[in-house]
Amino acid sequence: MSTPWHGSDELELVVDLPAHDAAAELDRGLTLLREVAQGTRPATLRLYRPSSTVAFGQRDARLPGYDRAREASLAHGFQPLIRRAGGRAAAYHSGCIVVDHVEPARDGVAGTRRRFAAFGDFFAGVLTGIGADAGVGEVPGEYCAGEFSVHGRRDRVPTLKLVGTAQRVVAGAWLFSSVLVVERSASLRSVLTEVYAALDIPWRPATAGAVEDLVPGVGVDDVEAALLAAYRTAVQLRTSESSGVP
């Protein structure tokens, strides 16, 4: 086995049931990070289908239009939160999969860029395996822009942002968090259009897509199964008794 991100060859798998509490879902990842850093939990892979959330970057919260952006989020049924990792506003809901990959590390900062590249390639490979033409790199005008965004291509042209990634590093561990957008991109475009207008951040709404926009009929279950299969080619997954994973 190989680990593209140069990490542990065994992960404890936790698949959380829907909590219907966006703040608790976000905090859970930070709790896992602390536990891994303290040595009370092994390297962990957590998957969950999130509540409707707009996760703002800390820079967003300092902009004059932040209050209007929060109100727009709520009006669309998305809970506004401020995340501790970097980036700008990102929206997600139960048609997405959030992947929190947490590992111990003596110096988590040193591998930051390498992890962005490795996980970008990994997730692009997962989506390619289910029929999407996926690659790594920023789509011009995308929301929450990132060098290692995973995009979908039409006619070989990067068109849709499909996966956004972020990291948080503490003494003793790192958390790599990814959002795979699988279904219902229209509602994400709607809320992000109003949020980014309030924040006065230019972007192209057409870049907010989902895997099903490229592979009609694919669903969250399909992508989750492909994701776990890909992980199992790289690491041993030890299933948590409480995860409910078959």
Side-chain angles (χ1 to χ4, degrees), residues 2-7 26 29 33 45 53-63 82-92 96-103 105 107-129 132-170 173-182 185 188-189 192-193 195-196 199-211 213-214 223 227 230-231 234:
S2 62
T3 54
W5 41 84
H6 299 281
L26 201 60
L33 177 63
L45 176 67
T53 309
V54 173
F56 290 90
Q58 295 183 59
R59 286 185 296 167
D60 298 327
R62 295 192 290 268
L63 294 175
I82 300 174
R83 63 177 182 273
R84 297 188 184 181
R88 307 309 291 257
Y92 45 87
C96 304
I97 302 173
V98 176
V99 181
D100 284 343
H101 185 136
V102 191
E103 298 212 25
D107 183 2
V109 174
T112 299
R113 184 175 178 81
R114 181 181 63 202
R115 285 192 294 273
F116 271 122
F119 279 109
D121 288 340
F122 178 75
F123 290 123
V126 171
L127 299 184
T128 297
D133 183 3
V136 180
E138 183 178 334
V139 179
E142 71 179 20
Y143 68 95
C144 192
E147 180 183 357
F148 298 101
S149 295
V150 176
H151 59 248
R153 295 182 285 239
R154 288 189 170 122
D155 298 324
R156 304 301 298 170
V157 176
T159 306
L160 302 175
K161 179 167 184 168
L162 302 178
V163 183
T165 58
Q167 294 191 62
R168 182 164 176 78
V169 177
V170 298
W174 52 262
L175 162 64
F176 197 97
S177 188
S178 309
V179 179
L180 287 74
V181 183
V182 183
S185 59
L188 302 180
R189 281 191 296 276
L192 287 173
T193 295
V195 164
Y196 273 71
L199 297 175
D200 197 26
I201 299 174
W203 77 298
R204 293 175 52 240
T207 62
V211 180
D213 296 331
L214 299 177
V223 174
L227 177 65
Y231 258 104

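Positions are given from 1, in the same order as the sequence printed here.
The side-chain heavy atoms of Leu175 and Asp100, taken from C-beta on, include a pair separated by under 4.5 Å. The closest side-chain heavy-atom distance from Leu127 to Leu214 is not below 4.5 Å. You'll find the side chain of Glu147 stays beyond 4.5 Å of the side chain of Phe116, heavy atoms only. You'll find the side chain of Glu103 stays beyond 4.5 Å of the side chain of His6, heavy atoms only. Residues Ile201 and Arg59 form no side-chain contact, since every pair of their non-hydrogen atoms from C-beta on lies 4.5 Å or further apart. In this structure the side chain of Leu180 reaches within 4.5 angstrom of the side chain of Val99, judged on heavy atoms. Annotation: side chain of Cys144 is in contact with side chain of Tyr196 (closest heavy-atom distance under 4.5 Å). Between Trp203 and Leu192 the shortest side-chain heavy-atom distance falls below 4.5 Å.
Atom CG of Leu63 is separated from atom CZ of Phe56 by 10.0 Å, given to the nearest 0.5 angstrom. Taking OG1 of Thr128 as the reference point, atom CZ of Phe123 lies at 13.0 Å (rounded to 0.5 Å). Atoms OG1 and CZ, from Thr112 and Arg168 in turn, are 12.5 Å apart once rounded to the nearest 0.5 Å. Taking OG1 of Thr159 as the start and NE2 of His151 as the end, the distance is 8.0 Å to the nearest 0.5 Å. Here CG of Leu33 is found 13.5 Å from CZ of Phe176. Values are rounded to the nearest 0.5 Å. How far CZ of Arg154 is from CG of Asp213: 6.0 Å, rounded to the nearest 0.5 Å.
Each of Lys161, Arg204, Arg88 was checked for a salt bridge (Lys or Arg N to Asp or Glu O under 4.0 Å) with Glu142, and the lone residue meeting it is Lys161.
In this structure, the side chain of Asp121 does not engage the main chain of Ala118 through any donor-acceptor pair within 3.5 Å. The closest donor-acceptor contact from the side chain of Arg189 to the backbone of Ala208 lies under 3.5 Å.
Heavy atoms from other residues, nucleotides or ligands lying under 6.0 Å from CZ of Arg114 number more than 12.
Residues Thr207 and Gly141 come closest through the heavy atom pair OG1-O, 3.6 Å. Across Asp60 and Gly87, no two heavy atoms sit closer than the pair OD2-O, 4.5 Å. Taking each heavy atom of Val195 and Ala89 in turn, the nearest pair found is CG1-CB, 4.0 Å. Considering all non-hydrogen atoms of both residues, Pro158 and Val139 come closest at O-CG1, 3.9 Å. Taking both residues in full, the closest heavy atoms of Glu138 and Gly146 are given as CB-O, 3.3 Å, listed atom of the first, atom of the second, then distance. The two atoms that bring Gly209 and Val181 nearest to each other are O-CG1, 3.2 Å, heavy atoms only.
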Would you check, one step at a time, whether the test side chain to side chain contact (heavy atoms under 4.5 Å, CB included) holds for Thr53 with Leu26? CA-CA 10 Å; Thr53 309; Leu26 201 60; 6.0 Å; no

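Using the six-membered ring where Trp is involved, Trp5 and Phe119 have ring planes that are parallel, under 30° apart on the 30 and 60° scheme.
Separation of the His101 and Tyr231 ring centroids falls under the 6.0 Å cut-off.
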